[in-house]
Structures are given as C-alpha cells and as structure tokens.
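Take a look at the structure set out below.
As a basis for the values below, the full set of heavy atoms in this structure was taken, side chains included, without hydrogen atoms, waters or symmetry mates.
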Amino acid sequence: MYKSNINLNLYKTFYDVAKCGSISKAAQQGYTSQPAISKSIKKLEDENNRNAYFACVICYIDEEGITRYFEGRVNGTITEHYLGEKGFGYDPIFFVEEMNKTMFQMTSEEKNSISHRKRGLEKFANYLREKRFEKMVEFTANEILDKKDSMIEKRLMGGMSNYTYVISSNDNYYTIRFPGEYAENFVDREKEARNIKLMEKLGITNKTIYLDITSGIKMARYLEGTPLSEINNYPYEKVSEVLKKIHNSKEISLYDYKPFERLENYEKLNKDLEFVFPSEYQNLKEEFFKYKDYLEKQEKVLCHGDSQPSNFILTSDNNLYTVDFEFASHNDPIYDIACFANLKLEDGLKLLSVYYSNLDKDKILRFYLWRCFQCFQWFNVATFKELVGMSISLGIDFKKVSEKYLENIKNLLTDIRKIK
C-alpha cells in the first residue's frame with residue numbers, strides 16, 4: 001500500500017500555488033532575452049515546422065523510493081518576428097493557439113490560466129488528492145464490512161463524476177461508490193434506495209449491501225464482467241430482455257421522471273451561477289418544445305432512467321445485468337432505448353428495432369425526440385460541471401462535452417424534421 005511522509009493536506013497548498021501565477025519579477029519588469037530570441041528567429045528562417053512548447057516537470061519520490069513525474073505543458077509555435085518588445089524569456093515569439101496571442105500579449109491572468117507550471121502542479125495535486133482519497137475508501141470499506149483487510153483492487157471508470165472502486169476483503173469482492181462533487185444537485189438518494197429494491201426483486205442487478213442516503217456512499221456485491229461500453233458487438237437481444245423485464249414488471253415506482261420539470265431545474269442551476277445560455281441553445285429549445293405535449297402524453301412504465309451501455313455488465317457466463325438506478329422512475333419506455341444511444345445513435349436505433357417487432361414512424365420519432373431531450377439535459381449537466389471547476393478536478397473538458405451535446409441537438413432536430 002501507498003505510504004508517504006508528505007502531509008496529504010498539502011494538495012490544497014499546491015492548488016493555491018498553481019493559482020497564484022508563474023510570472024516572475026523579472027517578467028513584470030519587462031526583462032527579455034533579446035539575443036536568444038533573435039538567434040532563434042534566425043535559426044528557424046527556413047523551417048516549416050515551428051512547433052514548440054514550454055514544460056514544467058515535478059519529480060516526486062515517496063518514502064518507498066518510488067519516483068513519479070508530473071509534467072505540465074503549453075503548446076505553441078514560434079513566430080517569424082517579435083510580437084512585442086518586452087516580456088519574459090521567449091514570450092514575444094511564443095504564440096499560443098488556444099489563446100490566439102503570444103505569451104507577451106497575454107495579461108497576467110491569461111498567462112497564469114494556461115501556465116505549464118500551473119498544469120504540472122495541478123497534476124501533482126490531483127495525484128496527492130487521489131492517494132488521500134484511496135485511504136479514505138479503504139477505511140470506509142472496513143467500517144461497512146466490519147473488517148480490517150479491505151484493499152482497493154482497481155477503480156472502475158464508467159461515469160463522468162462518481163468514484164467507484166473494486167474492493168477485496170477476505171476473498172470477497174465488492175464495489176464501493178463515492179458520489180462526485182455536487183451530485184446532490186441531480187440525485188435523490190432516498191429515491192435511489194427504493195429503486196434498487198425494486199430492481200433487485202426483478203433479478204437483473206447485483207445485491208446492494210449498504211447505501212447511506214445522506215452521503216450517497218454505496219457498497220454492492222461485485223459483478224465480475226465487462227461493461228458493454230468496452231465490447232464491440234452488443235448483445236441487443238439480451239439488452240432488450242433486461243429492459244422489458246423492467247418495463248413490463250408489476251413493480252411500481254413512486255416517482256415520475258418529470259423530464260421537462262427536471263430540465264428546468266438543471267437550467268436554473270446554471271442560471272444561478274450567472275451562466276448566459278447562447279442564443280443557439282434558446283432557438284433549438286424553442287423548436288424542440290413544440291413536441292412537449294406529444295411526449296408528455298405517452299404511456300409511462302417503470303424505466304431504468306440511465307440505460308447507457310456502460311450500465312450493462314456482461315458476465316463471464318454470458319448473463320447480462322444492469323446497474324445504477326439513480327434516475328429510475330416512470331417514463332416512456334423509449335426513453336431507455338434512447339439512453340442506449342449515448343455512445344452512438346446507431347446503437348439505440350438497432351436496439352429499437354430489436355425491442356419492437358412492429359416498429360413504426362411514431363416510435364422512431366419518439367426515439368429521436370427523447371435522444372434530443374437527453375442532449376439538452378446533459379448539455380446543462382456538463383455546463384454546470386464546467387462552471388463549478390470539475391473540468392480541472394476530474395480531468396475532463398466539460399466545456400467541450402457541452403459543445404458536443406449542442407451539436408448533437410442540431411443534428412437530431414435535422415433528422416426529426418425529415419421524419420415528420
């Protein structure tokens with residue numbers, strides 16, 4: 001197990017250092033290495049490849065002697081002439097495409113925001129934070145199981161926010177989930193607890209042995225298998241069978257998904273953070289909402305609510321199970337099929353054709369509409385995560401994720417117009 005004589009609380013200090021900037025006193029006074037810059041420009045006169053980067057590497061050796069390196073980089077190109085007479089080092093000729101200006105032309109805040117030193121320190125800080133977190137995971141598992149030998153085997157990388165680990169203890173294996181930051185804005189744990197009991201009755205999921213509705217920490221028996229998101233050929237018939245067990249069951253959820261009310265709540269989270277929705281989003285939403293009454297009048301059944309491929313596990317004995325019922329509730333069953341299109345639209349369309357023997361225009365339209373709705377929903381979730389800083393803490397560019405969902409909405413609405 002990992003040991004270190006460094007106080008793991010230092011990760012906050014490293015974040016503070018990373019935020020405080022990297023511009024030296026010499027830079028602030030306008031110092032520049034003009035002879036070196038002139039030499040570089042001369043040397044690159046006949047070069048087509050002018051790519052360059054600034055780098056910072058942090059070396060960390062723990063008390064067991066294991067060495068790790070954390071590198072931060074800023075990529076750029078060398079300009080053909082000075083863009084500014086002053087600036088630290090090579091700043092006047094180092095052009096950064098993501099900022100569309102040279103380092104010299106940036107304000108202190110802009111330069112600090114992309115600093116290679118900051119990026120290196122953030123990686124180091126994230127590493128220290130993860131190690132501290134793993135200690136807490138093992139301690140919590142021991143408390144739940146009343147054991148002392150719990151050990152992390154691996155982390156499961158399924159969702160964008162939760163931290164889920166496989167734990168071994170006394171030759172038994174479990175999964176333990178710690179909700180990501182701000183999860184309480186999207187999930188009701190009391191509802192999740194009731195949903196799990198409903199799904200366990202249907203025999204389609206693993207056994208949950210612990211769920212704290214306050215913290216959201218959950219432990220379950222580990223399903224040895226492969227998420228469908230990690231295989232090439234999906235067992236569509238099996239997926240259809242599992243969903244039909246849910247949709248056709250006599251089990252009754254106490255909850256309605258209330259999609260449009262949910263979307264309004266998600267938008268409010270972003271508005272409260274002073275996010276201004278782009279006009280493109282507003283225009284697309286106006287077009288989509290013409291179908292609101294049509295979607296709301298569809299017959300509702302018990303649904304999984306988040307039936308994307310990563311939430312289906314194919315075991316070694318070729319049985320298929322499903323997990324994660326944070327959003328299970330009453331809804332149009334085609335909503336679940338649209339969720340399965342999370343990675344590729346074609347996956348959901350294929351499942352739709354397997355699920356329904358009498359596929360018609362109405363079902364196809366509902367599929368596209370619900371997929372479009374989900375993109376509106378996840379645009380807002382990704383935007384929120386970007387606004388609260390989770391792009392940095394999770395290492396996922398949620399701004400790009402939100403932009404991708406917006407692009408998907410445009411494409412889906414184009415398809416919907418053709419179906420009509």
Side-chain angles (χ1 to χ4, degrees), residues 228 234 236-249 253 255-267 277 279-309 311-312 322 327-382 402-420:
L228 293 190
Y234 294 154
Y236 289 100
E237 291 286 353
K238 289 182 180 294
V239 176
S240 177
E241 289 173 9
V242 170
L243 289 180
K244 284 181 178 180
K245 278 187 179 180
I246 299 173
H247 299 160
N248 298 332
S249 74
S253 171
Y255 317 108
D256 189 305
Y257 190 71
K258 297 181 180 178
F260 292 95
E261 182 179 315
R262 183 180 292 266
L263 180 61
E264 184 180 350
N265 291 336
Y266 287 7
E267 289 178 339
F277 286 87
S279 58
E280 183 179 30
Y281 175 92
Q282 302 286 13
N283 294 335
L284 293 170
K285 180 183 171 184
E286 182 179 355
E287 179 178 355
F288 175 78
F289 265 55
K290 294 176 182 178
Y291 302 94
K292 179 175 180 288
D293 292 341
Y294 167 71
L295 290 174
E296 287 188 324
K297 75 178 184 180
Q298 301 301 324
E299 183 180 356
K300 297 177 181 180
V301 299
L302 178 62
C303 287
H304 184 292
D306 191 20
S307 50
Q308 55 184 300
N311 284 334
F312 288 89
T322 185
F327 304 105
S329 53
H330 274 88
N331 205 345
D332 181 350
I334 292 181
Y335 186 94
D336 274 349
I337 299 172
C339 278
F340 198 77
N342 187 54
L343 297 178
K344 293 180 183 178
L345 190 67
E346 308 85 70
D347 298 339
L349 286 169
K350 174 65 176 176
L351 179 59
L352 186 70
S353 66
V354 171
Y355 188 98
Y356 289 105
S357 57
N358 59 335
L359 191 58
D360 55 29
K361 184 177 178 180
D362 173 75
K363 295 181 179 68
I364 295 171
L365 177 60
R366 282 155 58 196
F367 168 84
Y368 274 93
L369 286 171
W370 282 126
R371 187 61 205 152
C372 191
F373 169 83
Q374 289 159 9
C375 290
F376 275 108
Q377 183 173 252
W378 293 111
F379 168 88
N380 279 277
V381 174
S402 68
E403 290 170 351
K404 179 63 177 175
Y405 279 122
L406 196 60
E407 184 66 26
N408 288 346
I409 292 170
K410 289 167 56 180
N411 295 334
L412 287 163
L413 283 172
T414 298
D415 292 334
I416 289 166
R417 296 184 203 112
K418 295 176 182 177
I419 294 171
K420 287 183 62 183

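- The side-chain heavy atoms of His247 and Tyr355, taken from C-beta on, include a pair separated by under 4.5 Å.
- For the atom pair Leu228 CG and Tyr236 OH, the distance stands at 9.5 Å (nearest 0.5 Å).
- Test Phe288, Phe260, Tyr405 against Phe376 for side chain to side chain contact (heavy atoms under 4.5 Å, CB included) and you get one pass: Phe288.
- Contact of the Ser329 side chain with the Asp256 side chain is not registered, since no non-hydrogen atoms from C-beta on lie closer than 4.5 Å.
- Between Phe379 and Phe277, the ring planes lie tilted relative to each other; the angle falls in the 30° to 60° range.
- At least one donor-acceptor pair under 3.5 Å links the side chain of Gln374 to the backbone N or O of Tyr335.
- Of the inter-residue distances, the one linking Glu267 atom CD with Gln377 atom CD reads 11.0 Å to the nearest 0.5 angstrom.
- Arg371 has its side chain within reach of Asn342: a pair of non-hydrogen atoms, C-beta onward, lies under 4.5 Å apart.
- Figure legend: cation-pi geometry between Lys285 and Tyr281 absent, as NZ or CZ is not positioned both under 6.0 Å from the six-membered ring centre and within 45° of its axis.
- Looking only at side-chain heavy atoms (C-beta outward), Ser353 and Lys350 come within less than 4.5 Å of each other.
- The nearest pair of heavy atoms linking Gly305 to Asp336 is N-OD1, 2.9 Å.
- Between the OH atom of Tyr257 and the CG atom of Asn331 there is a distance of 7.5 Å, given to the nearest 0.5 Å.
- When all heavy atoms of Tyr356 and Ile334 are compared, the pair lying nearest together is OH-CG1, 3.5 Å.
- Within the 4.5 Å cutoff, side-chain heavy atoms of Leu413 are placed close to those of Ile416.
- Each of Lys410, Lys292, Arg417 was scored for a salt bridge (charged side-chain N to carboxylate O under 4.0 Å, His left out) with Glu287, with one residue passing: Arg417.
- Enclosure of atom CD in Gln282 by more than 12 non-hydrogen atoms of other residues, nucleotides or ligands within 6.0 angstrom is indicated.
- Salt bridge absent: Lys244 and Glu241 never bring a charged side-chain N and a carboxylate O closer than 4.0 Å.
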Worked verdict on Leu284 versus Leu406 for side-chain contact (heavy atoms from CB on, under 4.5 Å): CA-CA 9 Å; Leu284 293 170; Leu406 196 60; 4.0 Å; yes

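- With values rounded to the nearest 0.5 angstrom, Phe373 atom CZ is found 13.5 Å from Leu412 atom CG.
- Proximity of the aromatic rings of Phe340 and Tyr234 is defined here by a centroid distance below 6.0 angstrom, and this criterion is met.
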Stepwise side-chain contact (heavy atoms from CB on, under 4.5 Å) check, Val354 with Val239: CA-CA 9 Å; Val354 171; Val239 176; over 6 Å; no

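- Residues Gln298 and Asp332 have side chains that never bring a donor and an acceptor to within less than 3.5 angstrom of each other.
- Using a 4.5 Å heavy-atom threshold, the side chains of Ile246 and Cys303 count as separate.
- Without hydrogens or angle criteria, Asp360 side chain to Lys363 main chain gives a donor-acceptor distance under 3.5 Å.
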Derivation and outcome, side-chain contact (heavy atoms from CB on, under 4.5 Å), residues Leu349 and Tyr368: CA-CA 9 Å; Leu349 286 169; Tyr368 274 93; 3.5 Å; yes

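- In this structure, Gln308 and Leu343 have side chains that are not in contact, with every pair of non-hydrogen atoms separated by 4.5 Å or more.
- Rounding to the nearest 0.5 Å places CG of Leu243 at 6.5 Å from CD1 of Ile337.
- Residue Lys258 holds its NZ atom at 11.0 Å from CD of Glu296, rounded to the nearest 0.5 Å.
- In this structure, Phe312 and Ser307 have side chains that are in contact, with non-hydrogen atoms separated by less than 4.5 Å.
- Taking each heavy atom of Ile364 and Ile419 in turn, the nearest pair found is CG2-CD1, 3.9 Å.
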